[in-house]
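Each remark here refers to the structure printed beneath this line.
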Protein chains: 2
Amino acid sequence: MLGKNPGKNGAVRKDAVASIIEDWARERPELDTSPLEVLARLHRTFLRYNNRLTSAIDEHGLAVAGFDVLTALRRAGAPYRLTAGQLADSGLVSSAGVTLRIDRLEKDGLIVRERDADDRRVVYSRLTDAGLAKVDEVFAEHLENERRMLAALSPAECRQLARLLSKLERSIEETAVPDEG
Amino acid sequence: MLGKNPGKNGAVRKDAVASIIEDWARERPELDTSPLEVLARLHRTFLRYNNRLTSAIDEHGLAVAGFDVLTALRRAGAPYRLTAGQLADSGLVSSAGVTLRIDRLEKDGLIVRERDADDRRVVYSRLTDAGLAKVDEVFAEHLENERRMLAALSPAECRQLARLLSKLERSIEETAVPDEG
DNA sequence: CGTATGTGTCTCAGGGCTAAGATTTCTTCG
DNA sequence: CGAAGAAATCTTAGCCCTGAGACACATACG
């Protein structure tokens with residue numbers, strides 16, 4: 001209905017990635033750029049999602065990085081405690097990154113560090129009362145925000161997209177280190 | 001077939017996001033966390049993709065940010081020139097970010113800055129011969145790398161995923177500023 | 001017991017990004 | 001023409017991330 005619909009690909013109304021692929025077809029016609037259909041869209045969609053998420057979280061005086069830590073602690077259940085290593089795994093972040101995140105949250109009084117009595121290398125991060133209240137408040141609003149972002153997709157489309165993203169994550173992960181399987 | 005398959009949702013083999021959703025169901029059963037099925041997977045899948053991409057690009061002595069600029073210039077076609085503003089739009093990045101990217105690429109001799117003769121506010125970035133050679137080499141390998149990451153998905157699944165991501169990007173974008181539509 | 005090795009966290013150096021505002025240059029209009 | 005406003009880019013200040021390696025502690029084994 002709107003805009004031109006070149007070629008046989010009627011499924012995707014022309015978007016930025018479609019233009020990019022057309023550009024490449026003109027400039028380097030010998031290349032098969034079909035992976036961009038999925039992965040360039042993944043990239044751009046994530047960037048937009050992340051901008052939106054960052055603004056929303058920022059309105060509560062939090063960074064996405066800190067929010068990520070708080071939610072990991074919250075959903076772990078009482079006593080809302082995880083080690084730095086567990087937080088690194090859960091947030092797909094380096095151990096150096098976790099240290100910084102914890103520093104900031106501790107300074108803000110949302111978590112406290114506690115050393116393990118049995119293994120003194122281990123440092124737990126535990127939600128304070130303020131941290132628990134904060135994450136419960138922000139997470140509920142976060143879900144509302146995400147629901148709005150998904151408004152244009154039907155429940156069936158959401159299920160399909162969830163399934164395909166899960167499969168893609170697995171596919172990327174398995175390709176990651178050739179000498180590991 | 002493999003592993004346990006709890007509940008009626010047989011489509012997604014249990015992954016990290018499924019565990020996260022189970023955790024929330026236990027901790028805050030009153031919340032509807034279904035948006036996470038899509039958006040938490042988008043987030044995690046992107047992070048894995050980005051790690052893989054960063055490693056691959058880094059092996060060529062480039063950062064993803066710089067590669068993004070080089071490809072934008074390359075696919076614009078001869079004379080491989082864009083303004084800073086065009087680069088900002090194309091990379092979904094702020095104007096300050098573009099300035100930094102250009103600084104680094106210029107220092108590495110991959111692009112040069114050129115002022116517009118008619119409008120002296122405008123600064124073009126143009127690929128040097130070295131930059132052109134570099135991007136042509138790295139981009140071809142980049143596509144191969146992406147193809148491997150998609151290996152587990154059928155062509156039909158890729159088309160579906162591309163369509164749904166495009167729709168999602170549009171949905172997020174339209175939700176972005178309530179006072180704009 | 002004591003060294004070697006492994007593990008968990010932190011420090012350091014170096015990039016990367018953004019928002020806000022300064023600067024330079026165009027455009028408009030009285 | 002000249003001043004006000006708009007536009008494009010750059011600067012500044014501040015936050016966030018990573019890899020490499022330091023450090024502290026734990027474990028294995030002779």
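Labels below follow one simple rule: chain letters A, B, ... track the order of the sequence lines, proteins then strands, and each chain is numbered from 1.
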Sugar-phosphate, base or nothing in reach of B:Thr83, heavy atoms under 4.0 Å: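 Sugar-phosphate: the residue B:Thr83, judged by heavy atoms under 4.0 Å, touches backbone atoms but no base.
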Mind checking if B:Gly97 touches a base, just sugar-phosphate, or nothing, with heavy atoms under 4.0 Å?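 Base, at least one base atom sits under 4.0 Å.
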Could you check whether A:Arg147 pairs with A:Glu144 (Lys NZ or Arg NE/NH1/NH2 to Asp/Glu carboxylate O, under 4.0 Å)?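 The answer is yes: the pair qualifies as a salt bridge.
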What is the per-nucleotide protein-contact pattern of nucleotides 10-16 of chain D, from the 5' end, where B denotes a base atom under 4.0 Å from a protein heavy atom, S denotes such proximity for sugar-phosphate atoms only, and - denotes neither? BB----S
Side chains of B:Leu168 and A:Tyr49 in contact at under 4.5 Å (non-hydrogen atoms):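 A side-chain contact under 4.5 Å is absent here.
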Name all residues meeting the side-chain contact (heavy atoms from CB on, under 4.5 Å) criterion together with A:Asp108; count only those two or more places apart in sequence or in a different chain, and write none if there are none.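 So A:Asp108 forms a side-chain contact (heavy atoms from CB on, under 4.5 Å) with A:Leu110.
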State which residues pass side-chain contact (heavy atoms from CB on, under 4.5 Å) with A:Leu100; sequence neighbours excluded, sorted by chain then number.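 Testing A:Leu100 for side-chain contact (heavy atoms from CB on, under 4.5 Å), a comparison that skips the adjacent residues, returns A:Asp103, A:Arg104.
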Position toward the 5' end of DNA chain D (nearest nucleotide), A:Ser94 or A:Arg121: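 Looking at the nearest nucleotide for each, A:Ser94 comes out on the 5' side.
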Would you tabulate the nitrogen or oxygen pairs shorter than 3.5 Å linking the protein to nucleotides 3-5 of chain D?
none

If I take atom [atom1] in residue [X] and atom [atom2] in nucleotide [N], what distance separates them, rounded to the nearest angstrom?
| X | N | atom1 | atom2 | result |
| --- | --- | --- | --- | --- |
| B:Leu53 | C:dG16 | CG | P | 14 Å |
| A:Arg120 | C:dC10 | CZ | C1' | 15 Å |
| A:Asp118 | D:dA24 | CG | P | 21 Å |
| B:Asp116 | C:dT24 | CG | C1' | 14 Å |
| B:Leu82 | D:dA8 | CG | P | 14 Å |
| B:Asp119 | C:dT27 | CG | P | 6 Å |
| A:Asp89 | C:dG8 | CG | C1' | 12 Å |
| A:Asp58 | C:dA19 | CG | P | 9 Å |

Which residues share a ring-ring contact (aromatic ring centres under 6.0 Å, His included) with A:Phe67, sequence neighbours left out: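 If we apply the ring-ring contact (aromatic ring centres under 6.0 Å, His included) test to A:Phe67, skipping adjacent residues, the hits are A:His142.
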Are there over 12 heavy-atom neighbours, none belonging to B:Asp32, within less than 6.0 Å of that residue's CG?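 Atom CG in B:Asp32 is packed in, count exceeds 12.
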Should the heavy atoms of other residues, nucleotides or ligands under 6.0 Å from CZ of B:Arg115 be counted, would the total exceed 12?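 Atom CZ in B:Arg115 is packed in, count exceeds 12.
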Taking side-chain hydrogen bond (donor to acceptor under 3.5 Å, both in side chains) as the test, write out the residues that go with A:Arg28, two or more places apart.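 Testing A:Arg28 for side-chain hydrogen bond (donor to acceptor under 3.5 Å, both in side chains), a comparison that skips the adjacent residues, returns A:Glu30, B:Asp136.
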Using 30° and 60° as the class boundaries, would you call the ring planes of A:Phe46 and B:Phe46 parallel, tilted or perpendicular?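 A:Phe46 and B:Phe46: parallel rings.
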